[in-house]
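This report refers to the structure that appears directly beneath it.
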Amino acid sequence: MLLLGIETTCDETSAAVIERDSNGNGTIRSNIVLSQLEEHKPFGGVVPEIAARAHVQVLDEVIRTAMNEAKIDYAALDGIAASAGPGLIGGVIVGLTTAKAISLALQKPLIAVNHLEAHALTARLTHKLDFPYLLLLVSGGHTQLVFVEDVGTYTRIGTTRDDAIGEAFDKTAKLLGLPYPGGPAVERCAQGGNPQRFPLPRPMLGRPEPDFSLSGLKTAIRIEAEKVAPISRQDIADLCASFQAAVTDVIADRVQTAVQILREEGVQPNALVVAGGVAANHAIRNVMEELAISLRLPLVIPPPELCTDNGAMIAWAGLERLVRNMTDPLDIKPRARWPLDA
Ligand code: KG4
Ligand code: ZN
């Protein structure tokens with residue numbers, strides 16, 4: 001089976017073609033990702049209106065390139081998948097409407113994919129992972145612990161009460177005068193820093209419910225930065241390292257709590273999976289590796305280019321649904337909000 005997948009929920013315009021064989025093995029035939037990073041950089045964050053317009057400008061060319069690179073004709077497709085949310089609504093409308101038009105013209109099934117579901121299922125494309133597993137989804141917009149039982153069966157067992165982890169990285173970077181996107185910049189600076197110098201809080205540590213809270217951490221950083229003003233390069237490095245140490249401590253504790261809860265309920269996940277743009281962070285990867293060993297669970301992290309937003313994950317999630325006859329009508333609505341377990 002061959003599927004075209006379209007992703008436009010945030011600041012990446014992406015289209016991909018994936019092939020799935022009868023044993024459930026997926027092959028990426030193409031995965032074209034065009035980032036709008038440069039358009040948003042002057043504003044220090046994603047501007048929804050600019051994002052929507054940029055998707056309109058490039059999506060047809062991105063799709064054409066994905067089809068050409070996959071070396072297939074539209075007639076060979078078994079369907080078209082697009083993110084139908086959650087995300088910035090202007091962009092979601094662009095991608096979903098385009099997918100509907102192609103579906104109508106070709107008379108092939110449409111699959112409206114939940115963007116979070118696509119992140120959640122990517123590990124099955126890259127590692128052929130069996131259900132069930134525990135997913136830590138960490139991106140600029142989301143921080144969730146999700147128990148993934150089957151296609152369409154997700155239980156959110158933890159979430160953030162305020163900022164997403166990626167957002168906390170981005171805000172920390174902005175506060176310290178580092179470039180956007182903040183995650184990679186904070187990670188780079190932290191390499192030369194002392195993680196013990198600033199005693200930052202570990203919000204939610206030890207709490208019985210595996211939720212996150214990141215906004216207090218951001219405030220604590222601002223206070224520490226003001227205390228040492230005028231801030232030096234070493235101060236910035238030490239603050240970045242201290243921030244990363246606090247975040248990794250919190251992640252380890254929250255994930256461990258989630259696994260404990262599942263085990264107390266008699267549920268045994270097959271693996272720990274990390275997905276989303278923040279999964280690129282090496283300190284977070286390291287702490288998850290240690291945790292996985294101590295919990296005696298395999299750790300699965302898709303390659304960075306499949307952790308950040310991409311069309312391949314949408315095409316793959318679409319295939320997972322198509323083989324289960326889970327297709328959608330042409331009047332399905334785009335959704336700015338769309339919780340995984342709703
Ligand atoms: O999944 P993603 O590409 O987009 C969505 O938010 O959906 O994630 C982007 C987020 C940004 O907040 C960015 O700062 C963060 O992932 N990020 C990182 C790293 N690389 C990207 N955060 C920490 N360390 C990194 N190396
Ligand atoms: Zn995403």
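Whatever order the structure lists them in is the order used to number ligands and atoms, beginning at 1.
- Side-chain contact check for S213 and D162: at least one donor-acceptor pair (N or O, by modelled atom type) lies under 3.5 Å.
- For atom 11 (C) of ligand 1, the nearest non-hydrogen atom of the protein is D170 OD2, 3.6 Å.
- A donor-acceptor pair under 3.5 Å is formed between the side chain of R254 and the backbone N or O of E209.
- For ligand 1, the polar-atom distance check against E12 finds no nitrogen or oxygen pair separated by under 3.5 Å.
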Apply the test side-chain contact (heavy atoms from CB on, under 4.5 Å) to residues R263 and Q268: give CA-CA distance (whole Å), side-chain angles for both, the deciding distance (0.1 Å), then the verdict. CA-CA 6 Å; R263 286 182 172 165; Q268 182 57 31; 3.2 Å; yes

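- The pair R285-E289 does not count as a salt bridge, with every side-chain nitrogen at least 4.0 angstrom from each carboxylate oxygen.
- In terms of protein heavy-atom proximity, atom 4 (O) of ligand 1 is nearest to D309 OD2, 3.6 Å.
- When hydrophobic clusters are built by joining Ile, Leu, Val, Met, Phe, Trp and Tyr residues whose side-chain heavy atoms come closer than 4.5 Å, directly or via intermediates, L129 is grouped together with Y154.
- Note: no N/O pair closer than 3.5 Å links G276 and ligand 1 by distance alone.
- Nearest protein neighbour of atom 18 (C) of ligand 1, counting heavy atoms only, is G183 CA, 3.5 Å.
- Each side-chain hydrogen bond (donor to acceptor under 3.5 Å, both in side chains) pair with one or both residues in residues 104-116, not counting sequence neighbours, appears once here: E7-H115, T9-H115, H115-H119, H115-D309.
- Less than 2.8 Å away from the Zn ion (ligand 2), the protein contributes these N/O/S atoms: H115 NE2, H119 NE2, D309 OD1.
- Between G141 and ligand 1 there is a heavy-atom distance shorter than 4.0 Å.
- Comparing H119, E187, R285 against atom 26 (N) of ligand 1, the shortest heavy-atom distance belongs to E187.
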Passes ring-ring contact (aromatic ring centres under 6.0 Å, His included), F169 versus F243? Steps please. CA-CA 9 Å; F169 269 95; F243 167 77; 4.9 Å; yes

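- Shortest contact from atom 24 (N) of ligand 1 to any protein heavy atom: N281 ND2, 3.0 Å.
- Judged purely by distance below 3.5 Å, without hydrogens or angles, the side chains of D238 and Q234 pair a donor atom with an acceptor atom.
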T257/L145 under side-chain contact (heavy atoms from CB on, under 4.5 Å): CA gap, chis, key distance, verdict: CA-CA 10 Å; T257 302; L145 277 158; over 6 Å; no

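- Of the listed options A280, P86, A279, G140, G140 places a heavy atom closest to atom 6 (O) of ligand 1.
- Between atom 17 (N) of ligand 1 and the options G87, G45, G277, the minimum heavy-atom separation is to G277.
- With respect to the salt-bridge test (charged N to carboxylate O, under 4.0 angstrom), the residues R321 and E117 qualify.
- When the options T8, T13, T98 are evaluated for a side chain to side chain donor-acceptor pair (under 3.5 Å) with H55, the one that passes is T13.
- Ligand 1 has no N or O atom lying under 3.5 Å from any N or O atom of F169, backbone or side chain.
- Considering backbone and side-chain N/O atoms, H115 never comes within less than 3.5 Å of an N/O atom of ligand 1.
- The option with the heavy atom closest to atom 15 (C) of ligand 1, from among V138, I165, V278, is V278.
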Salt bridge (Lys or Arg N to Asp or Glu O under 4.0 Å) between D253 and R202, intermediate numbers included: CA-CA 10 Å; D253 177 75; R202 266 63 175 160; over 6 Å; no

